[in-house]
Number of protein chains: 2
Amino acid sequence: MTDDVERGTASAAAQRPLTLADVAAAAGVSIKTASRALGGEPNVADSTRGRVRAAAATLGFTLNSAASQLRRGTAVRTVGLVVGDLANPFYMGLATGVEHALREHGLQLTMASSDEDAATERAIVEDLVHRRATGILLVSTLDEHGELRSVGDRGVPLVLVDRAPSGIEADAVVIDNVAGTTDAIAAFVARGHRRIAFVGDLERLSPQRERYAAYAGALAAAGLPLDPALVARGSHSAVAAEAAVRDLLALAEPPTAVFTANNRVTIGAIAAFRDVAHPPALVGFDHFELADALGITTVGADTAALGREAVAALLRRGDGPHASTTRALPTTLVARGSGERPPA
Amino acid sequence: MTDDVERGTASAAAQRPLTLADVAAAAGVSIKTASRALGGEPNVADSTRGRVRAAAATLGFTLNSAASQLRRGTAVRTVGLVVGDLANPFYMGLATGVEHALREHGLQLTMASSDEDAATERAIVEDLVHRRATGILLVSTLDEHGELRSVGDRGVPLVLVDRAPSGIEADAVVIDNVAGTTDAIAAFVARGHRRIAFVGDLERLSPQRERYAAYAGALAAAGLPLDPALVARGSHSAVAAEAAVRDLLALAEPPTAVFTANNRVTIGAIAAFRDVAHPPALVGFDHFELADALGITTVGADTAALGREAVAALLRRGDGPHASTTRALPTTLVARGSGERPPA
DNA sequence: CTGAAAGCGCTAACAA
DNA sequence: TTGTTAGCGCTTTCAG
């Protein structure tokens with residue numbers, strides 16, 4: 001090791017971390033005065049403040065937030081948003097709504113992705129609790145949320161987003177999946193479709209289960225049979241969904257209408273339809289920016305509103321204990337052509 | 001004070017924040033043993049660890065990361081990614097690449113949006129510096145980056161992403177905007193286009209300036225005049241871009257080809273073309289998921305690779321000082337139909 | 001307006 | 001395996 005040599009050089013960056021004491025000494029003031037000057041407190045002579053700031057800049061010093069937080073007993077108010085996939089536009093709309101709502105309350109957002117992995121989710125949540133976050137908004141990848149009780153027990157408000165709580169009393173903000181799906185299937189039925197396919201994402205995700213159940217229910221309500229050959233679940237990527245839809249199209253009796261249970265699956269269906277002369281009718285769950293340009297009929301909720309509601313629930317919880325609530329956001333069905341095609 | 005009275009009540013939530021001492025007392029061990037048990041250190045009897053954990057759970061205690069961080073002198077290694085718009089898929093691809101690269105190095109990601117606002121950007125960066133982040137990846141909304149010198153001076157490695165540094169020596173990872181744009185315009189020219197429009201985002205963003213300059217250069221190289229009527233800059237939303245493109249289409253001599261200088265502008269152009277029988281050729285900068293399904297020719301870089309490169313640059317910087325580098329990622333032109341339409 | 005002393009909650013060092 | 005002591009860097013008293 002050549003540490004000593006390196007240490008010897010005069011100018012280079014400080015080896016020992018700088019503290020307020022160093023700045024105070026350099027500026028010729030007491031530690032407390034330096035603290036006041038740098039912390040933006042009043043009652044410091046302008047000249048003193050300038051001298052301290054200059055010294056800090058010269059030395060390359062910055063306040064240590066861990067120390068000030070410890071002494072103050074209160075952190076910068078920060079809310080954590082934990083999602084499953086940073087590349088999914090659904091979460092991005094959510095994040096945008098969350099951020100704007102937080103900004104109105106002077107709260108900071110810090111966002112992390114669990115990559116739909118339970119262990120990663122746990123680590124992220126644990127870190128937020130240790131840091132005494134002002135709150136946590138969680139799109140949980142867990143099947144069972146009992147373990148999350150400890151979050152609230154340790155004083156950090158938690159709101160589950162998009163996925164309904166299971167095995168726990170917790171605030172949640174979700175989408176009215178049943179109404180949305182029922183509307184979509186009913187519209188198909190009204191147009192005379194009788195062979196309506198369902199293409200979904202992973203079954204363990206509660207919105208997917210709700211959408212599937214609503215699909216089955218809507219068929220039953222219309223007196224239509226639920227044909228297992230027309231059901232494809234578990235496509236967690238657009239590519240997988242595309243393959244699933246191709247399989248449906250290759251059936252001896254293909255569906256005349258396809259319901260895709262989230263945005264990724266819808267993208268897959270669009271890809272699968274590309275070279276098909278007379279594709280089935282298509283309605284997808286989740287709105288997306290290019291649906292308009294593509295003429296794709298979608299049903300879904302306002303994701304930014306979902307984010308705003310989640311923040312509102314969090315702040316309500318922070319105000320004091322009360323019964324847990326689950327709010328379901330309404331969906332709208334937006335006709336853009338693909339969903340209105342008649343049976344072949 | 002009525003502390004004694006309050007303390008006397010049995011059940012309710014603690015008023016005074018809990019500390020390790022409370023847990024240690026409840027578990028009948030010393031503070032240090034409690035620390036070891038909860039901190040996951042070795043050399044604690046399993047029975048002891050269990051007792052301490054149970055006590056902590058009962059009391060609703062969790063370690064205070066500010067205190068442990070202060071004592072340890074080192075935080076959880078966290079990298080901050082600051083982007084301008086959480087809803088832009090370009091940033092989401094970037095975030096995905098960043099996250100995966102960080103995960104390989106055991107680093108955590110925390111992400112925040114400046115909303116393209118300079119003051120917000122400053123506040124976020126300042127907070128990351130105070131928290132002694134392991135590094136900052138910044139898509140800066142600032143025109144001039146001189147003020148960011150203090151970030152590095154205070155010991156936090158900084159890498160500028162997507163936008164070239166100005167007025168500062170700093171590591172940066174950008175896209176080869178000149179090559180990408182030149183390729184796109186050259187392809188138009190090779191197909192016989194002579195009236196090629198440029199539709200861009202805000203001029204103050206350096207990638208936009210580079211793309212515009214490359215557009216002008218490519219026209220000159222082909223011996224074509226730069227017609228100001230065919231240039232529309234400053235569309236920061238898809239809606240604004242749509243209007244700009246409509247204006248171009250309404251010209252007495254409309255363009256036969258349109259180059260859109262980023263993904264948002266491309267979306268606007270697609271919308272503007274919707275009801276047009278014979279739209280001009282279109283090439284857009286930035287790849288996007290639905291380009292395939294829509295048959296839109298795009299030129300762009302791999303955004304996930306951009307994120308990985310940014311992390312690599314950050315870690316290199318963290319290893320020790322060296323000359324600043326700017327790396328430009330190569331672009332590819334992907335023909336999907338819209339760009340290959342001949343002049344009307 | 002400025003300063004001295006105390007201590008926030010935790011963990012590194014050293015015992016035992 | 002467990003306990004004792006000291007102190008991380010800052011801000012809060014309380015005095016000048």
Side-chain angles (χ1 to χ4, degrees), chain A residues 14-53 55-56 59-76 126-127 129-132 154-156, chain B residues 1 3 14-53 55-56 59-76 126-127 129-132 154-156:
Chain A
Q15 291 308 94
R16 176 179 53 80
L18 294 164
T19 75
L20 253 190
D22 300 312
V23 177
V29 297
S30 76
I31 290 183
K32 179 60 214 181
T33 300
S35 169
R36 276 194 270 254
L38 262 29
E41 286 178 55
N43 296 338
V44 185
D46 283 349
S47 64
T48 310
R49 194 185 294 273
R51 209 146 29 90
V52 174
R53 287 208 174 135
L59 295 172
F61 170 83
T62 197
L63 287 169
N64 181 328
S65 72
S68 54
Q69 187 174 315
L70 174 58
R71 183 60 247 222
R72 287 199 156 108
T74 152
V76 179
E126 216 37 40
D127 179 58
V129 173
H130 287 337
R131 277 164 47 191
R132 283 149 171 69
R154 290 179 290 173
V156 180
Chain B
M1 309 275 178
D3 274 311
Q15 291 308 93
R16 176 178 53 81
L18 292 164
T19 75
L20 256 189
D22 299 312
V23 177
V29 297
S30 77
I31 290 183
K32 178 61 211 183
T33 299
S35 169
R36 277 194 269 254
L38 261 29
E41 286 178 56
N43 297 336
V44 183
D46 282 349
S47 63
T48 309
R49 195 185 294 275
R51 209 148 25 93
V52 174
R53 286 206 176 137
L59 295 172
F61 170 83
T62 197
L63 287 169
N64 181 329
S65 73
S68 57
Q69 187 174 317
L70 175 58
R71 180 62 244 217
R72 286 201 157 106
T74 154
V76 178
E126 220 30 44
D127 179 59
V129 173
H130 287 337
R131 277 164 48 190
R132 283 150 172 70
R154 289 179 290 174
V156 180

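Each chain gets a letter, A, B and so on, in the order the sequences are listed, and its residues count up from 1. This one's a predicted model, so the numbers in the text were calculated from it and none came from an experiment.
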Item checked: Distance, rounded to the nearest Å, where Arg131(B) contributes CZ and dC10(D) contributes P -> 17 Å
Next item on the list: Please confirm whether the backbone N or O of Arg51(B) pairs with a side-chain atom of Arg53(B), one donor and one acceptor, at under 3.5 Å?
Entry: no
Item checked: Whole-Å gap separating P (dC8(D)) and CG (Leu70(B)) -> 9 Å
Notebook entry, point to check: If you check every side-chain atom of Thr33(A), which of dG3(C), dT2(D), dC10(C) has the closest atom?
Noted result: dG3(C)
Notebook entry, point to check: Does the side chain of Val156(B) reach to within under 4.5 Å of the side chain of Arg132(B), using non-hydrogen atoms?
Noted result: no
Check: Val23(A) versus Leu18(A): any side-chain heavy-atom pair under 4.5 Å?
Finding: no
Notebook entry, point to check: Start at the 5' end of DNA chain D and walk down; is the nucleotide closest to Arg132(B) or to Pro42(B) reached first?
Noted result: Pro42(B)
Check: Choosing from dG3(C), dT2(D), dT11(C), which nucleotide comes nearest the side chain of Arg36(B)?
Finding: dT2(D)
Check: Which nucleotide in the set dT11(D), dC10(C), dT2(C) lies at the smallest distance from any side-chain heavy atom of Arg72(A)?
Finding: dT11(D)
Check: dT11(C), dT4(D), dG3(C): which one has an atom nearest the side-chain heavy atoms of Val29(A)?
Finding: dG3(C)
Item checked: Side-chain touch Leu20(B)/Leu63(B), heavy atoms, less than 4.5 angstrom -> yes
Checklist line | Axis deviation across the helix from dC1(C)-dG16(D) to dA16(C)-dT1(D), five-pair ends, to the nearest 10° | finding: 20°
Check: Can you check side chain to side chain donor-acceptor pair (under 3.5 Å) on Ser68(A) and Ser65(A), steps first, answer last?
Finding: CA-CA 5 Å; Ser68(A) 54; Ser65(A) 72; 5.6 Å; no
Notebook entry, point to check: To the side chain of Ser30(A), which of dC10(C), dG3(C), dG9(C) is closest?
Noted result: dG3(C)
Next item on the list: Between dG9(C), dG9(D), dT2(C), spot the one nearest the side chain of Thr19(B), thanks.
Entry: dG9(C)
Note to self: Heavy atoms from C-beta onward define the side chain here; which of dT11(C), dT2(C), dG9(C) lies closest to that of Pro17(B)?
What the structure shows: dG9(C)
Next item on the list: Starting from C1' on dG9(C), measure out to CG on Leu18(B) and report it in whole angstrom.
Entry: 12 Å
Item checked: Interatomic distance where CG belongs to Asn64(A) and P belongs to dC10(C) [whole Å] -> 16 Å
Checklist line | Among dA12(C), dG9(D), dT2(C), the nucleotide that comes nearest once only the side chain of Asn43(A) is considered | finding: dT2(C)
Note to self: Rounded to whole Å, please give me the gap between NE2 in His130(A) and C1' in dC10(C).
What the structure shows: 13 Å
Next item on the list: Looking at every strand, decide which applies to Thr48(B) at a 4.0 Å heavy-atom threshold: base, sugar-phosphate, or nothing.
Entry: sugar-phosphate
Next item on the list: May I have the distance from Leu20(B) (atom CG) to dG3(D) (atom C1'), rounded to whole angstrom?
Entry: 14 Å
Next item on the list: Identify, between Arg51(B) and Ala67(B), the residue whose nearest nucleotide on DNA chain D lies closer to the 5' end.
Entry: Arg51(B)
Check: Would you say Arg131(B) and Arg131(A) make side-chain contact, with heavy atoms under 4.5 Å?
Finding: yes
Next item on the list: Please tell me which of the listed nucleotides, dC10(C), dG3(D), dG3(C), lies nearest to the side chain of Leu63(B)?
Entry: dC10(C)
Next item on the list: Indicate yes or no: does Glu126(B) engage Arg154(B) in a salt bridge with an N to O separation below 4.0 Å.
Entry: yes
Checklist line | Salt bridge present between Glu41(B) and Arg49(B) (N-O < 4.0 angstrom) | finding: no
Next item on the list: Report yes if at least one side-chain N or O of Ser35(A) is closer than 4.0 Å to OP1 or OP2 of dC10(D); otherwise report no.
Entry: no
Margin query: What is the distance, to the nearest angstrom, from the CD atom on Glu41(B) to the C1' atom on dT11(C)?
Written below: 7 Å
Notebook entry, point to check: What is the distance from NZ of Lys32(B) to C1' of dA16(C), rounded to the nearest Å?
Noted result: 16 Å
Margin query: Between dG9(D) and Arg71(B), counting only base atoms on the nucleotide and side-chain atoms on the residue, is there a donor-acceptor pair under 3.5 Å?
Written below: no
